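What follows is a single structure, written as structure tokens, with notes after it.
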Amino acid sequence: MINLLDLDTAGLARFFAEQGEKPFRAKQVAHWLHQRLEGDIAAMSDLAKPTRARLAEAANIVGPTVLRDTTAADGTRKWLLDVGNGNAVETVYIPEDDRGTLCISSQAGCALDCAFCSTGKQGFNRNLTVAEIVGQLWHANRALLADGVNAPWIEHGRAPVSATGRPERELLPLGGTARSAKRAPITNVVMMGMGEPLANFDHVVSALSLFLDDDAYGLSRRRVTLSTSGIVPAIDRLRDACPVALAVSLHAGNDALRDRLVPINRKYPIAELLAACLRYLERAPRDFITFEYVMLDGVNDQPAHAHELVELTRDVPCKFNLIPFNPFPGTEFTTSPRARIVAFQRILMNAGKVTTIRKTRGDDIAAACGQLAGQVADRTKRRSRLPRVVAAPVSH
Ligand code: SAH
Ligand code: SF4
């Protein structure tokens with residue numbers, strides 16, 4: 001049995017060819033799956049009944065199993081998804097006036113063991129399948145629409161606007177007549193949940209291709225961001241295979257400190273990483289790289305560190321996103337005080353680097369992911385039927 005969510009549009013085309021079906025069936029089914037968000041082959045009404053019956057013998061549609069679904073006062077919504085063997089991953093919806101962003105996981109756990117990351121601390125479990133990655137977007141759009149959530153830019157009476165301020169074409173019109181007035185609530189995707197997306201390269205690229213494909217989700221490349229800790233050869237491969245917007249987890253401006261915080265730096269040091277960033281920019285949909293920088297009290301948050309970053313990135317078109325550290329049980333780090341984060345931001349801004357400080361979202365459901373995962377993990381100890389949860393790194 002093939003899970004149709006496991007196939008990108010090229011895979012669907014191959015699958016239908018193998019079944020002896022006409023090539024246009026692949027497009028038709030992609031529209032049903034990813035635009036009408038259908039979960040039942042029998043409901044694909046423009047396929048003849050015998051075709052549907054044959055399809056249902058060879059394939060099914062299996063979305064994620066939701067273990068927990070929590071919405072915060074600010075509208076941030078988090079789903080905890082079962083990935084088998086007692087593991088779970090998280091996906092988080094973040095509504096804003098002009099966009100709805102979904103933060104997607106790519107692996108259960110992570111092998112890269114960054115010092116400040118709770119996912120890393122719990123080790124690597126396995127790569128997510130294409131269906132498990134795409135299924136996060138499929139499921140979140142379905143769940144939000146079922147609850148009457150429309151595209152945020154419609155609800156706020158705004159036209160979707162591109163990064164350049166120009167009006168953008170409408171995003172993802174949903175097929176069908178009854179729901180045609182609706183627009184999918186999720187307009188942006190960030191691969192910033194659990195796991196290192198470039199360590200699950202093939203599945204992630206297939207999923208990205210579906211996010212971008214006009215026969216599937218049809219998002220523009222600028223609305224899809226992949227965050228990596230800096231696996232240099234894979235950054236080059238991504239540039240060639242599917243150049244989406246790139247965020248790089250820098251976290252330190254010198255190799256000695258980055259070696260300690262982001263161990264993959266021992267293999268691909270900062271100079272090589274920055275060279276890969278410049279190569280990536282030749283094909284990137286945005287003309288800058290976003291550097292993420294977690295603010296760790298007394299570790300990487302001094303004025304000298306900010307000046308070091310300015311020197312380091314003098315020739316790299318980039319923006320900085322400062323992330324207040326999201327603490328988790330057992331960590332040796334604490335969050336930098338707000339005043340120090342603001343002072344750090346000011347140094348970068350004065351040097352001409354656009355620098356944002358990540359907002360913490362969904363506080364009341366601990367959407368700062370490590371915290372929720374921590375809570376579930378605690379319960380796991382008490383109630384063994386609950387799955388072990390790998391904590392997500394991102395705080396929104
Ligand atoms: N593996 C990828 C993507 C997932 S992590 C990467 O490392 O880029 C997404 C972001 O959250 C990264 O910038 C990561 O460094 C950061 N992060 C991890 N743990 C964190 C924590 N406890 N507090 C704040 N940010 C964290
Ligand atoms: Fe993996 Fe990213 Fe966490 Fe590092 S920060 S351990 S790369 S998920």
Side-chain angles (χ1 to χ4, degrees), residues 89-92 94 101-128 133 136 189-201 204 208 224-232 234-235 238 244-252 257-268 273 276-277 289-297 299-301 318-336 341 356-361 366-374 390-396:
V89 296
E90 289 165 334
T91 191
V92 183
I94 306 136
T101 303
L102 193 69
C103 177
I104 288 184
S105 295
S106 56
Q107 299 182 306
C110 183
L112 298 188
D113 198 21
C114 298
F116 51 82
C117 174
S118 58
T119 301
K121 289 292 140 217
Q122 303 197 33
F124 176 66
N125 182 249
R126 70 171 173 86
N127 283 331
L128 299 190
I133 300 169
Q136 295 172 55
V189 165
V190 292
M191 301 292 305
M192 291 186 185
M194 297 177 179
E196 167 51 51
L198 294 184
N200 183 11
F201 191 87
V204 164
L208 292 175
V224 177
T225 302
L226 181 144
S227 172
T228 178
S229 56
I231 304 180
V232 165
I235 293 176
L238 185 71
V244 293
L246 189 68
V248 171
S249 296
L250 194 56
H251 305 318
L257 183 55
R258 195 163 190 271
D259 279 355
R260 190 183 135 211
L261 297 178
V262 185
I264 192 75
N265 193 68
R266 297 172 203 160
K267 197 160 177 195
Y268 306 115
L273 178 58
C277 289
I289 301 284
T290 301
F291 288 123
E292 295 160 278
Y293 196 95
V294 65
M295 299 297 294
L296 304 169
D297 187 12
V299 176
N300 65 351
D301 63 351
C318 63
K319 293 184 179 176
F320 282 90
N321 188 15
L322 306 180
I323 313 176
F325 171 63
N326 174 31
F328 53 92
T331 181
E332 65 191 280
F333 299 108
T334 51
T335 313
S336 305
I341 300 178
T356 49
I357 300 174
R358 184 174 291 172
K359 274 187 290 192
T360 307
R361 297 284 310 241
C369 304
Q371 292 167 16
L372 174 72
V390 191
V394 117
S395 61
H396 297 282

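Since the model is a prediction, treat every value here as computed from it, not as a measurement. Note that ligands are numbered from 1 as they come in the structure, with each ligand's atoms numbered from 1 the same way.
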Query raised in the report: Ser105 side chain to Glu90 main-chain N or O, any donor-acceptor pair under 3.5 Å?
Result: yes
Query raised in the report: Any side-chain heavy atom of Leu128 sitting closer than 4.5 Å to one from Gln136?
Result: yes
**Report entry** Where ligand 1 meets Met192 - atom numbers and elements under 4.0 angstrom, heavy-atom basis
**Finding:** 4 (C), 9 (C)
**Report entry** Gly230 to ligand 1, any heavy atom closer than 4.0 Å
**Finding:** no
Query raised in the report: Between Ser249 and ligand 1, is there a nitrogen or oxygen pair with a distance under 3.5 Å?
Result: yes
Query raised in the report: Side chain, backbone, both or neither: which part of Ile264 comes within less than 4.0 Å of ligand 2 when only heavy atoms are counted?
Result: neither
Query - From Gly195, Ala115, Ser229 - option closest to atom 8 (S) of ligand 2 by heavy atom - result: Gly195
Report task. Measure His251 to ligand 1 on non-hydrogen atoms and call it side chain, backbone, both or neither using the 4.0 Å cut-off. Result -> side chain
Query - pair Thr225-Met192: side-chain heavy atoms closer than 4.5 Å - result: yes
Report task. Enumerate the atoms of ligand 2 whose separation from the nearest heavy atom of Asp113 is less than 4.0 angstrom. Result -> 6 (S)
Report task. Check each atom of ligand 1 against the heavy atoms of Gly195 and keep those under 4.0 Å away; list them by number with element. Result -> 1 (N), 2 (C), 3 (C), 4 (C)
Report task. Report yes if the side chains of Pro324 and Met295 come closer than 4.5 Å at any heavy-atom pair, otherwise no. Result -> no
Requested in this report: Would you tell me which option among Gly193, Ala199, Ser229 has the nearest heavy-atom contact to atom 4 (C) of ligand 1?
Outcome: Gly193
Requested in this report: Below 4.0 angstrom from a heavy atom of Cys117, which ligand 1 atoms are there? Numbered from 1 as shown, please.
Outcome: 18 (C), 19 (N)
Query raised in the report: For ligand 2, does Cys114 get within less than 4.0 Å through its side chain, its backbone, both, or neither, judged by non-hydrogen atoms?
Result: both
Query raised in the report: Within a strict 4.5 Å, meaning less than it, do heavy atoms of the Phe201 and Leu198 side chains meet?
Result: yes
Report summary line: Closest non-hydrogen contact found for Tyr293 with Asn300 is OH-O, 2.7 Å
Report task. Please list, chain by chain and in numerical order, all residues satisfying salt bridge (Lys or Arg N to Asp or Glu O under 4.0 Å) with Asp113, sequence neighbours excluded. Result -> Lys121
Report task. Heavy-atom distances under 4.0 Å are what count here, so tell me which part of Leu112 touches ligand 1: side chain, backbone, both or neither. Result -> neither
Requested in this report: Determine whether Leu226 and Leu246 make a side-chain contact, defined as any pair of heavy atoms from C-beta on separated by less than 4.5 Å.
Outcome: yes
Query raised in the report: Taking atom 16 (C) of ligand 1 as the point of reference, which of Val294, Thr360, Ile323, Thr335 owns the nearest heavy atom?
Result: Ile323
**Report entry** For Thr228, the ligand 1 atoms whose distance to one of its heavy atoms is below 4.0 Å
**Finding:** 6 (C), 8 (O)
Report summary line: Atoms of ligand 1 under 4.0 Å from any heavy atom of Phe116, numbered from 1 in the order shown, are 15 (O), 17 (N), 18 (C), 19 (N), 20 (C), 21 (C), 22 (N)
Query raised in the report: In terms of atom number and element, which parts of ligand 1 are under 4.0 angstrom from non-hydrogen atoms of Glu292?
Result: 10 (C), 12 (C), 13 (O)
Query raised in the report: Side chains of Glu196 and Ser106: is there a donor and an acceptor less than 3.5 Å apart?
Result: no
Query raised in the report: Mind checking what makes side-chain contact (heavy atoms from CB on, under 4.5 Å) contact with Lys267, not counting sequence neighbours?
Result: none
**Report entry** Among Asn326, Leu296, Val299, the one residue meeting side chain to side chain contact (heavy atoms under 4.5 Å, CB included) with Phe116
**Finding:** Leu296
**Report entry** Contact atoms of ligand 2, heavy-atom distance to Gly120 under 4.0 Å
**Finding:** 6 (S)
Query raised in the report: Just wondering, is there an N, O or S atom on Cys110 that's nearer than 2.8 Å to atom 3 (Fe) of ligand 2?
Result: no
